[in-house]
Amino acid sequence: MAGSSLRFAAMAGSSADEERRVLGRGGFGAVYSAEHTGTQQKVALKMMLPGAGADDAEVRRFYREAQVTANLKHQNTVRVFDVGQTNQGA
């Protein structure tokens, strides 16, 4: 994401699978292990799968999912810190 400070091997252009720890995959996206470079906090980074965001409806769905999840407050749900797109639109 533009302006985001996450350390994530795949975003740095590496294609080595061992450098990208996949936590889960679905029909819509994949979740990777990442690290926030400012706080060194381990985070999960969800990214749409290539081609999944080809239409505006899927991108809106992705944002809606992030907004709904951000409003959940429960010990068994994740916290959403940020949502956005890369300069390439991903």
Side-chain angles (χ1 to χ4, degrees):
M1 294 177 341
S4 186
S5 53
L6 294 173
R7 183 175 301 130
F8 179 60
M11 293 180 78
S14 172
S15 62
D17 286 334
E18 62 272 12
E19 292 186 43
R20 308 182 246 180
R21 183 157 172 247
V22 177
L23 301 176
R25 285 186 203 274
F28 183 67
V31 179
Y32 300 91
S33 177
E35 181 180 284
H36 189 283
T37 57
T39 64
Q40 297 179 333
Q41 183 176 16
K42 291 182 189 255
V43 298
L45 175 66
K46 182 172 186 178
M47 298 179 72
M48 292 180 74
L49 293 172
D55 71 29
D56 290 339
E58 291 296 318
V59 173
R60 284 192 305 274
R61 178 177 161 213
F62 187 84
Y63 274 88
R64 188 171 50 250
E65 178 182 293
Q67 292 164 346
V68 168
T69 304
N71 287 311
L72 297 175
K73 306 293 185 235
H74 190 274
Q75 64 185 15
N76 294 331
T77 60
V78 298
R79 289 176 45 208
V80 175
F81 293 102
D82 197 4
V83 64
Q85 292 179 278
T86 65
N87 291 334
Q88 295 79 25

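Taking all atoms of both residues into account, the shortest heavy-atom contact from R25 to Y32 is NH1-OH, 4.2 Å. The shortest non-hydrogen separation linking L23 to A44 is CD1-CB, 4.1 Å. When every heavy atom of A66 is checked against every heavy atom of V83, the shortest pair comes out as CB-CG2, 3.7 Å. The minimum heavy-atom distance linking F62 with M48 is given by the pair CD1-CG, 3.4 Å. Minimum heavy-atom separation, H36 to T39: ND1-N, 3.1 Å.
V22 and L45 fall within the same hydrophobic cluster, defined by Ile, Leu, Val, Met, Phe, Trp and Tyr side-chain heavy atoms under 4.5 Å apart, directly or through other members.
In this structure, R64 CZ and Q67 CD are separated by 8.5 Å, a value rounded to the nearest 0.5 Å.
When the shell of 6.0 Å around NZ of K42 is examined, it contains 12 or fewer heavy atoms from other residues, nucleotides or ligands.
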